[in-house]
Amino acid sequence: MSKNPILLGLNIDHCATLRQARYREYARDCGQMVEPDPVALALSAEKAGVDGITVHLREDHRHIQDSDVWRLRDCIQTRLNFEMACTDAMLQIALELKPETACLVPEGRQEVTTEGGLDAAGQRQRVGKIVENLNANGIATSLFIDPEPEQIKAAAEMNSPLIELHTGTFANAYYDLEQRNIELEKLRQGIELAHELGITVNAGHGINYINISEIRQLPWLHELNIGHSILSRAMFNGIEEAVREMKLRMNLALA
Ligand code: PXP
C-alpha cells in the first residue's frame with residue numbers, strides 16, 4: 001500500500017458562490033475588486049500548504065468566472081485543476097488556459113453541485129475524443145466517475161492518466177453505518193482496480209473533517225479534492241488554519 005502523503009486540492013468554487021450572491025454583475029469584469037475574491041483565497045491556501053487549486057467553470061457561470069481562471073493561471077504557484085463539462089466550448093478554453101490537469105465532470109443545470117459521476121462508459125466516443133485532445137496538448141486528464149468497474153475500465157481504455165472517484169454517495173450514507181461500509185468497500189475495490197490498470201487515483205465530493213478518518217485509510221490515494229467543508233471551517237478559523245487541519249487529518253498516520 002502507498003505510504004506517500006495524500007495531497008490536497010482545494011476546490012474554491014464556493015468562495016465564488018458567496019461573491020456572486022452579492023456581486024453577480026461586477027464579478028465578471030472587476031475580478032479582485034469585489035469580495036470574497038477566490039484568487040486571494042487560493043493564494044492564502046497555498047501559504048498553508050495546499051497542493052493544488054481546483055475550479056469548475058460551469059457553462060452557466062454561476063460561480064467561477066472566466067476572469068477567475070485566468071487570474072489563477074497567472075498567480076498560483078501550485079497546480080491548477082480545471083473541472084469542465086465535455087463540450088467543445090470548454091475544450092477550447094482548456095486548451096488556451098493550459099491547466100496542469102483537466103477533470104471531466106457531468107454537468108446538469110438543475111443541480112446545486114455535481115451530483116454523480118460522469119458516464120464515461122456510456123459516452124466513450126465523446127469523452128475519449130476530449131481526453132485524447134487534452135492529453136496530446138500536455139494537459140493530464142482526470143475523469144470524475146463513480147467507483148464502478150465499467151467506468152474505471154473505460155477510463156483505462158481512453159488512456160486517461162487520472163481518475164477522481166466520486167465519494168459523495170459514501171458521504172451521504174454517513175448516518176447509515178451498513179450502507180456507509182458498503183460504499184467504502186466499493187471505493188476500496190474501485191481504487192484497487194484503477195491501480196492495477198495503471199491509473200492514478202484521486203477522490204472527492206462530500207469529504208469533511210469527520211469522514212476523512214475513513215477516507216484516508218483507502219489505499220493508493222494520490223489527491224483529495226475538497227471544497228465545501230474546508231471553506232465552511234474557514235469562515236470561523238480562517239483559511240490557513242482550515243487547510244492545515246485538514247492536511248493533518250488526511251495524513252495522521254504519517255504525522
Ligand atoms: N470534486 C468534484 C469533481 C466536484 O464537482 C466537487 C464539488 O464541486 C468536489 C470535488 C468538491 O466537493 P465538496 O465541495 O463537497 O468538497
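We count residues from 1, following the sequence as given.
You'll find the side chain of Leu8 reaches within 4.5 Å of the side chain of Ile230, heavy atoms only. Contact check for Ser213 versus Arg249: no side-chain heavy atoms found under the 4.5 Å cut-off. Inter-residue side-chain proximity for Val55 and Asp13 is flagged as met; some heavy-atom pair is nearer than 4.5 Å. The closest side-chain heavy-atom distance from Val131 to Leu143 is below 4.5 Å. Within the 4.5 Å cutoff, the side chain of Gln179 has heavy atoms near those of the Ile182 side chain. The closest side-chain heavy-atom distance from Asn211 to Arg180 is not below 4.5 Å. The side-chain heavy atoms of Leu118 and Gln123, taken from C-beta on, include a pair separated by under 4.5 Å. Side chains of Pro99 and Ile139 form a contact here, defined as non-hydrogen atoms less than 4.5 Å apart.
Panel note: side chain Asn137, backbone Asn133; a donor-acceptor pair is recorded below 3.5 Å. The main-chain N or O of Cys86 is found under 3.5 Å from a side-chain atom of Arg126 such that the two form a donor-acceptor pair. Remark: the backbone N or O of Asp88 is not paired with any side-chain donor or acceptor of Gln92 at under 3.5 angstrom. Of the possible donor and acceptor atoms, none in the side chain of Asn172 sits under 3.5 Å from a partner among the backbone N and O of Thr169.
Once rounded to the nearest 0.5 Å, the distance linking CZ of Arg58 with CE of Met90 reads 10.0 Å. Rounding to the nearest 0.5 angstrom, the gap separating the CD1 atom in Ile191 from the CG atom in Asn202 is 10.0 Å. With rounding to the nearest 0.5 angstrom, the CG atom of Asn208 is 7.5 Å from the OH atom of Tyr174. The CD1 atom of Ile239 lies 10.5 Å from the CZ atom of Arg244; values are rounded to the nearest 0.5 Å. One distance of note links CG of Leu10 with CG of Leu231; it measures 5.5 Å at 0.5 Å rounding. Summarising the geometry, atom CG belonging to Leu91 is positioned 10.0 Å from atom CD belonging to Glu96; distances are rounded to the nearest 0.5 Å.
When every heavy atom of Gly206 is checked against every heavy atom of Ala171, the shortest pair comes out as O-CB, 3.3 Å. When all heavy atoms of Tyr209 and Ala242 are compared, the closest pair comes out as OH-O, 2.8 Å. Between Gly9 and Glu223, the shortest heavy-atom contact is N-CG, 3.8 Å. For the residue pair Ala140 and Leu162, the shortest heavy atom distance occurs at CB-CD1, 4.1 Å. In this structure, Leu7 and Met250 approach most closely via the heavy-atom pair O-CE, 3.2 Å. Taking each heavy atom of Glu107 and His56 in turn, the nearest pair found is OE1-NE2, 2.9 Å.
For the side-chain hydrogen bond (donor to acceptor under 3.5 Å, both in side chains) condition, the pairs that include at least one residue of residues 139-157, sequence neighbours left out, are Asp119-Gln151, Arg124-Glu157, Asn135-Thr141, Thr141-Ser160, Asp146-His166.
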Subject >> Derivation and outcome, side-chain contact (heavy atoms from CB on, under 4.5 Å), residues Leu104 and Leu134 >> reply: CA-CA 11 Å; Leu104 305 185; Leu134 287 165; 4.1 Å; yes
**OP:** Begin from the C-alpha positions of Asn11 and Glu83 and carry the test side-chain contact (heavy atoms from CB on, under 4.5 Å) through to its verdict.
**Re:** CA-CA 10 Å; Asn11 182 313; Glu83 287 182 4; 3.7 Å; yes
**OP:** Please assess Lys186 against Glu183 for the test salt bridge (charged side-chain N to carboxylate O under 4.0 Å, His left out), listing each intermediate value before the final yes or no.
**Re:** CA-CA 5 Å; Lys186 275 192 207 162; Glu183 297 303 333; 3.5 Å; yes
Original post:
Can Ile215 and Phe170 be said to form a side-chain contact (heavy atoms from CB on, under 4.5 Å), step by step?
Top reply: CA-CA 9 Å; Ile215 292 285; Phe170 158 78; 3.6 Å; yes
Subject >> Test log, rule salt bridge (charged side-chain N to carboxylate O under 4.0 Å, His left out), inputs Glu46 and Arg79 >> reply: CA-CA 10 Å; Glu46 283 189 328; Arg79 289 176 282 108; over 6 Å; no
**OP:** Test Leu72 against Ile12 for side-chain contact (heavy atoms from CB on, under 4.5 Å), laying out the working first.
**Re:** CA-CA 11 Å; Leu72 284 167; Ile12 59 172; 4.0 Å; yes
**OP:** List the steps and the verdict of salt bridge (charged side-chain N to carboxylate O under 4.0 Å, His left out) for Asp51 and Lys247.
**Re:** CA-CA 10 Å; Asp51 302 287; Lys247 283 212 74 165; 2.9 Å; yes
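At most 12 heavy atoms of other shown residues, nucleotides or ligands fall within 6.0 angstrom of atom CZ in Arg22. Other residues, nucleotides and ligands place more than 12 heavy atoms under 6.0 Å from the CD atom of Glu100.
Side-chain polar atoms of Thr54 and Asn81 form a donor-acceptor pair below 3.5 angstrom. Donor-acceptor pairing under 3.5 Å is lacking for the side chains of His205 and Glu164. One side chain, Asp66 or His61, offers a donor N or O that lies under 3.5 Å from an acceptor on the other. Remark: the Gln189 side chain and the Glu185 side chain contain an N/O donor-acceptor pair separated by less than 3.5 Å.
Both Leu197 and Val201 are members of a single hydrophobic cluster when ILVMFWY side chains are connected at heavy-atom separations under 4.5 Å. Residues Leu18 and Leu43 fall into different hydrophobic clusters, defined by Ile, Leu, Val, Met, Phe, Trp and Tyr side chains chained together at heavy-atom separations under 4.5 Å.
Salt bridge annotation for Arg62-Asp60: present, with a cationic side-chain nitrogen under 4.0 angstrom from a carboxylate oxygen.
Taking the six-membered ring for Trp and thresholds of 30 and 60 degrees, Trp220 and His195 have nearly parallel ring planes, at less than 30 degrees apart.
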